[in-house]
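First up is the structure itself, then whatever we jot down about it.
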Amino acid sequence: MLNMCDPVGVIEIAERLGVTRAAVDQWRFRPQRLAFPKPRWTVGGRPAWDWADIDAWNAARKSA
């Protein structure tokens, strides 16, 4: 079975969710009932997430 990851950074998250980079940073650092996912990797010194984690978090956030 092939494990397919879709790594994204803050810019890609903002673009895919239709928000600003500042909004993503606020989600990352502001305490929330549904915590923003922790990065899985660091690429070039910057955090990176698997898009599946972000997509699941966003769906849960919208349904909460």
Side-chain angles (χ1 to χ4, degrees):
M1 182 174 153
L2 184 61
N3 184 9
M4 299 294 294
C5 291
D6 185 8
V8 292
V10 171
I11 294 170
E12 292 85 7
I13 293 168
E15 288 173 354
R16 291 184 188 193
L17 296 181
V19 299
T20 64
R21 290 184 295 182
V24 176
D25 283 334
Q26 287 178 352
W27 290 333
R28 289 180 59 207
F29 298 114
R30 183 184 322 160
Q32 304 172 61
R33 190 167 31 108
L34 183 61
F36 194 78
K38 299 286 184 208
R40 287 196 182 210
W41 311 279
T42 301
V43 179
R46 297 176 188 245
W49 295 260
D50 187 348
W51 174 249
D53 294 341
I54 300 300
D55 194 37
W57 169 83
N58 190 49
R61 178 181 69 93
K62 287 184 173 183
S63 68

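This structure is a prediction, so every number in the text was calculated from the model and none was measured. The figures here come from the full heavy-atom set of this structure, side chains too, leaving out hydrogens, waters and symmetry mates.
Applying the side chain to side chain donor-acceptor pair (under 3.5 Å) test to R46 and every residue at least two apart in sequence or in another chain returns nothing. Residues passing the side chain to side chain donor-acceptor pair (under 3.5 Å) test with R33, sequence neighbours excluded: none. With sequence neighbours excluded, the residues satisfying side-chain contact (heavy atoms from CB on, under 4.5 Å) with D55 are W51. Not counting sequence neighbours, the partners of T20 by the side-chain contact (heavy atoms from CB on, under 4.5 Å) test are A22, A23. Looking at residues two or more places apart in sequence or on another chain, you find a side chain to side chain donor-acceptor pair (under 3.5 Å) between D53 and R40.
If you chain together hydrophobic residues whose side chains sit under 4.5 Å apart, W41 and V10 never meet in one group.
Panel note: side chain D6, backbone D50; no donor-acceptor pair is recorded below 3.5 Å. Of the possible polar contacts, one joining the W49 side chain to the P37 backbone as a donor-acceptor pair under 3.5 Å is found.
The local environment of CZ in R16 is crowded, with over 12 non-hydrogen atoms from other residues, nucleotides or ligands closer than 6.0 Å.
Atom CD of residue Q26 and atom CZ of residue R21 lie 13.5 Å apart, to the nearest 0.5 angstrom. The CD1 atom of I54 sits 10.5 Å away from atom CZ of R61, with the distance rounded to the nearest 0.5 Å.
Other residues sharing the hydrophobic cluster of I11, ordered by chain and number and joined by side-chain separations under 4.5 Å: none, the residue standing alone.
Looking at heavy atoms from C-beta onward, W57 lies out of side-chain contact with I13 at the 4.5 angstrom threshold.
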